[in-house]
Amino acid sequence: MEDKPGLCWAALLVILLVAALAGPLRAAEEPPLAPLQLDYHLLLTHPNLHLVTVEITAGKVVGDSLDFVMPAWSPGRYAIYDFAKNVQEFEAAGAQGQSLPWTNLDKQTWRVDLRQAGGIVKARYRVFANDLNGTFSQFDSTHANLNGSSIFMYVAGHKPDPLTLTVDAPKEWQLISGFSDSTSERTFHAPNYDRLVDTPLEVGAETKLAQFQEQGKMIRVAVHSYGNDNTDPSKLREGLQKIVHAEMAMMPAPDFEHYTFIFHFAPDISMGDGMEHLNSTQIIIRGSLSGNLAEALETAAHEFFHLWNAKRLRPAALGPFDYTREVYTPSLWLAEGVTTYVSYVSLLRSGLWTREQFLARLADEIRTLEEEPGRTLMSAESSSFHAWFYDRSPQMQQTNFANSTISYYNKGALLGMLLDLETQSRTRGSKSLLDVLSLLYHKFYEAPRATYYGPGRGYEEKDVLEAVNEVAGSDFTPFFDTYVRGTAPLLYNNDLAAAGLALRISVPGNSPPSIGITPLPDDRGVRIFAVQQGGAADRAGLGRDDLLIAVDDQSLATEDLDKRLKAYPPGASVPFTVERRGQEEIINLILDPPVASSYTIQELSGATGQQILIRNHWLRGKN
Ligand SMILES: [Zn+2]
Ligand SMILES: [Zn+2]
């Protein structure tokens with residue numbers, strides 16, 4: 001390659017500058033192309049093979065090619081799953097049914113050659129689906145439970161286009177979704193692709209449906225239970241009615257006509273799930289309706305509050321979405337953790353929880369954070385930003401997450417509690433965290449529409465601080481610097497005292513001395529999953545995967561480690577038989593004092609009038 005003559009440095013600089021400026025513009029949301037006529041057709045005909053067939057007909061196509069893209073992830077679950085891996089038998093045809101050539105641009109993009117298309121392309125493919133959870137999909141002889149991102153491709157550049165969806169399913173199966181309050185409708189209109197995939201479908205014959213009204217809105221409760229127990233959903237419906245009533249009294253009226261809870265109770269799945277959507281939610285409980293009612297209601301209280309916080313009031317990165325790659329936000333502590341905190345408040349106000357249950361759960365959240373070694377390394381914002389590493393992301397490589405991370409759910413819930421108490425304290429009980437969330441909702445969701453995606457616009461992290469400052473009439477910058485983007489210890493008692501309460505941490509009687517490990521059960525003893533830095537195991541040189549076989553020659557295959565440790569006082573030097581890479585050796589550990597693992601929140605005696613006022617306001621029950 002040779003230098004181009006006559007191109008001076010100044011001109012090169014201008015070209016580079018223009019290129020640099022053009023970059024972000026090109027990378028932004030697709031330029032407005034003339035809309036296509038998009039019809040999605042879903043065929044549910046092969047339950048035994050777990051294969052769903054999708055046909056996407058795109059009319060009014062122009063140009064040489066059209067790209068069909070399968071999402072890499074699904075909003076609400078911050079993990080790259082590459083749904084394209086379950087796509088098979090892709091084909092494309094033109095206006096006369098003639099086959100059109102296509103190529104794969106990358107693992108998730110199918111580029112169809114339009115030159116012989118005649119203005120219409122019909123793409124057709126099948127998707128393997130056999131996972132019951134809030135992100136993947138399942139099609140079997142009992143139902144089709146479908147989450148759109150794992151099933152539907154979009155046409156590149158045309159996510160904003162309106163579309164229709166037609167579902168072909170066995171006649172006796174009813175179709176339940178946020179698209180319609182009728183179970184017999186089979187054709188739906190969506191204003192854009194994002195709404196299509198934000199509306200999960202439950203299609204089956206076994207799903208029971210109940211409903212109630214709240215503030216003129218229809219709330220439906222769909223229950224598909226695989227357990228053999230009593231599946232009468234009336235108790236669940238009664239509990240949900242209390243939660244919905246409490247949460248709708250806490251926030252501005254949301255803009256939906258009907259809302260659907262889609263529950264699955266399955267005793268034999270590996271883990272449950274909950275996933276928020278604009279006017280529905282998928283809740284999957286590992287267990288039975290009668291045995292896990294409290295868990296189902298707790299999950300529902302969290303998911304229903306998402307219809308305000310996360311779905312409508314949303315971080316700027318979360319809608320419209322780039323489905324091809326990770327999107328980043330530092331605000332999941334607010335979108336998820338504060339939702340958890342407010343769900344506890346709503347369980348209290350609905351009458352489903354007592355004051356004692358509410359305070360016990362908050363104390364438990366505090367214990368969880370205080371027992372995380374990662375709390376001194378990772379902030380709430382950083383935990384949010386790095387969600388892609390650990391929000392159910394597949395892990396093939398070993399990690400040190402047990403020592404290096406915290407949960408934005410957990411710390412976010414505690415920040416919610418502290419912000420709530422601090423706001424109440426600084427405003428002498430006249431304002432609370434709910435006023436902050438309502439202000440944000442008005443400011444951002446009810447703002448002029450910024451994109452095709454939906455009403456309003458997303459918020460940035462700085463907007464949260466501004467809203468807190470505005471509601472409280474005082475500056476929370478130090479709070480955010482120290483506790484939200486910083487890793488300083490949370491000073492619970494400062495804020496609990498405002499409500500005449502105090503956190504008490506103590507060592508439960510008969511607690512064993514500590515050796516500072518996270519254990520994993522093993523047939524032959526105790527496997528070390530993580531070693532806490534500076535603890536007894538660390539000082540003795542023990543590490544991850546070491547197998548503790550015996551304490552003082554007493555086998556750990558037959559006796560519990562804690563029970564064995566109780567035989568010694570803190571400070572004792574105890575010989576452990578340790579197996580490491582197949583070799584046994586004896587290693588002495590100097591035992592640490594027992595861990596203070598009892599956390600309770602108690603009333604302060606001699607509380608002042610204002611403390612009692614805030615306490616009663618904070619802990620008021622059924623409204
Ligand atoms: Zn189902
Ligand atoms: Zn959530």
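Counting starts at 1 for both ligands and their atoms, in listed order.
- For the Zn ion (ligand 1), protein N, O or S atoms closer than 2.8 Å were enumerated as His143 ND1, Glu202 OE1, Glu202 OE2, His224 ND1, His264 NE2, with waters left out.
- Listed by chain and number, His302 NE2, His306 NE2, Glu336 OE1 are the protein N/O/S atoms closer than 2.8 Å to the Zn ion (ligand 2), with waters left out.
- A salt bridge does not link Lys85 to Asp82: none of the charged side-chain nitrogens sits closer than 4.0 Å to a carboxylate oxygen.
- Taking the six-membered ring for Trp and the full ring otherwise, Tyr81 and Trp73 have centroids separated by 6.0 Å or more.
- A cation-pi arrangement is present between Lys159 and Tyr154, with the terminal nitrogen or guanidinium carbon under 6.0 Å from the aromatic centre and inside a 45° cone about the axis.
- Between Glu298 and Arg361 a salt bridge is recorded (basic side-chain N to carboxylate O distance below 4.0 Å).
- Taking the charged nitrogens against the carboxylate oxygens, Asp268 and Arg286 have no contact shorter than 4.0 Å, which rules out a salt bridge.
- One finds no salt bridge joining Arg220 and Asp181 here, because no Lys/Arg side-chain nitrogen approaches an Asp/Glu carboxylate oxygen to under 4.0 Å.
- Using a 4.0 Å cut-off between a side-chain N of Lys or Arg and a carboxylate O of Asp or Glu, Lys311 and Asp198 qualify as a salt bridge.
- You'll find the ring centres of Phe358 and Tyr344 outside the 6.0 Å limit.
- With salt bridges taken as basic N to acidic carboxylate O contacts below 4.0 Å, one links Lys443 and Glu470.
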